[in-house]
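FYI, the numbering just counts along the sequence from 1.
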Amino acid sequence: MNLFQLKIIATITMILDHIAYFFPNATYITLIFHWIGRISAPIFLFCVVNSIKYTSSKKRYLFRLYSMSVIMAIFQTFSHVDLNFFRTLFITALLISILDIGHKDLHKKKIYLSIFIIYQIFACTLCGYLAATSNANTENIYFYFIPALLGSILTLEGGFLFVTLGVLFYLFYEKNLHMTVTYILFILVVTFLNASNIIPILLWKIRAHIPLFGYEISSGLEYFLSVIVGIDITATGGNIFTTQYQWIMIFSLPLLLLYNHEQGQKIKYFFYLFYPLHIILFFFLSFFVI
């Protein structure tokens, strides 16, 4: 299976997921579309890793992802739509590019990683402060646009967990056995954290048993997990088929293992344009259908 075929599969499954997002109903069709949609994100993350490996210019590639993430953020500011996977792909590609430097210059990689971490602490702190002090007129700007403009890991679609998955794909690229094991472990851990009540229980214990600062520590951890890691504490627990079905992305693994390192048909800018266009189309259609 070549790269073009992987992207087509990811695009089709993404469309079904977004149909269920914009046109929800009480039937099982919506749920099934969401199930199928879980296949999409891991494939796109894998494709980003592949692009970093083979692109002729990492800088141009990163700029395209960043530009599209900002454009989508502008739309988000006016639409309140929580869909901007370009931001997640950009951060993943940026971090992988930094790690890739280590093959040539380990010292430079350490410097760039340090800069990345320090910058993200600054950007997340600034974005968090602006969001906390925003009003009804500025809330969407500080929640969607500013984090995208600054390239912050705050409020990424899927959270930093998906960036971590992209890094795992990079670390075990062309090592199918290692990638399979780590991918399965990743899904098991994420499913456990989301489907169980372990995190709310731990946060409650912190509030109950740490004097003076227990509430502040618990609230800070809850905020960190929700807006950075990608685990919504208020939505943990529930049935793994009807609520916590993110584990279904395991079914993208066989497709990734079938990848033959061939590009296939080349339509370079189609996927960059299709993503925002289909979301905008679905957004306006939803006003007439719902």
**Side-chain donor-acceptor pair present, N25, T30, cut-off under 3.5 Å** = yes

Exercise. Compute whether any side-chain donor of one residue and acceptor of the other, for R87 and T155, lie under 3.5 angstrom apart.
Key: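 Indeed, the side chains of R87 and T155 share at least one donor-acceptor pair under 3.5 Å.
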
Would you please indicate yes or no on a ring centroid separation below 6.0 angstrom for [Y] and [X]?
X	Y	answer
F241	Y245	no
F287	F283	yes
Y259	F46	yes
H178	Y183	no
F85	Y275	no

Tell me the closest heavy-atom pair linking [X] and [Y], and the distance in Å.
X	Y	value
A93	I52	O-CD1, 3.9 Å
T125	I121	OG1-O, 2.6 Å
L149	Y66	O-OH, 2.6 Å
N2	E262	CB-O, 3.1 Å
E139	S134	CA-OG, 3.6 Å
I279	F75	CG2-CE2, 3.8 Å

Do [X] and [Y] sit in the same hydrophobic cluster, where Ile, Leu, Val, Met, Phe, Trp and Tyr count as joined when their side-chain heavy atoms come under 4.5 Å apart?
X	Y	answer
I217	L203	yes
Y28	I248	yes
I201	V190	no
V81	L273	no
L150	F63	no

Please check if the number of heavy atoms outside [X] that lie under 6.0 Å from its [atom1] is greater than 12.
X	atom1	result
Y119	OH	yes
Y112	OH	no
F78	CZ	no
H261	NE2	yes
K53	NZ	yes

Can you confirm whether [X] sits close enough to [Y] that some side-chain heavy atom of one is under 4.5 Å from a side-chain heavy atom of the other?
X	Y	value
Y272	L65	yes
I228	C124	yes
F162	T92	no
I250	R38	no
N197	T236	yes
F86	P276	yes
W247	I240	yes
L177	F172	no

Quiz item: Would you call the rings of F282 and H278 parallel, tilted or perpendicular if under 30° counts as parallel and over 60° as perpendicular?
Solution: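 Rings of F282 and H278: perpendicular, over 60°.
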
For this session: Name the orientation class of the two ring planes belonging to H18 and Y21 (parallel below 30°, tilted from 30 to 60°, perpendicular beyond 60°).
Result: perpendicular

Is a side-chain donor or acceptor of [X] paired with a backbone partner of [Y] at a separation under 3.5 angstrom?
X	Y	result
N84	S69	yes
T77	A73	yes
S40	G37	no
Q263	L3	no
S219	Y215	yes
T138	I141	no
T13	A10	yes
Q244	F192	no
Q76	Y144	no

Decide yes or no on side-chain contact (heavy atoms from CB on, under 4.5 Å) for K7 and F271, but give the supporting numbers first.
-> CA-CA 8 Å; K7 288 182 178 180; F271 297 100; 3.4 Å; yes

Q. Is a salt bridge present between D100 and K58, judged by a nitrogen-to-oxygen distance below 4.0 Å?
A.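 Yes, charged N to carboxylate O under 4.0 Å.
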
Charged N-O contact under 4.0 Å between R207 and E222: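 Looking at R207 and E222, the cut-off is met.
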
Contacts of E157 meeting salt bridge (Lys or Arg N to Asp or Glu O under 4.0 Å) (sequence neighbours excluded), chain-then-number -> none

Atom pair [atom1] ([X]) and [atom2] ([Y]), whose distance is rounded to the nearest 0.5 Å:
X	Y	atom1	atom2	result
I98	K109	CD1	NZ	10.5 Å
S152	F122	OG	CZ	10.5 Å
I32	D17	CD1	CG	13.5 Å
I8	Q265	CD1	CD	8.0 Å
L6	L258	CG	CG	8.5 Å

Problem - Intermediate values then yes/no, side-chain contact (heavy atoms from CB on, under 4.5 Å), V48 and F90 - result: CA-CA 9 Å; V48 162; F90 166 68; over 6 Å; no

Q.
Does Q246 form a side-chain contact (heavy atoms from CB on, under 4.5 Å) with T191? I'd like the steps, not just the answer.
A. CA-CA 7 Å; Q246 192 66 43; T191 301; 5.7 Å; no

message: Is there a side-chain contact (heavy atoms from CB on, under 4.5 Å) between I36 and F251? Walk through the geometry before answering.
response: CA-CA 9 Å; I36 297 172; F251 292 106; over 6 Å; no

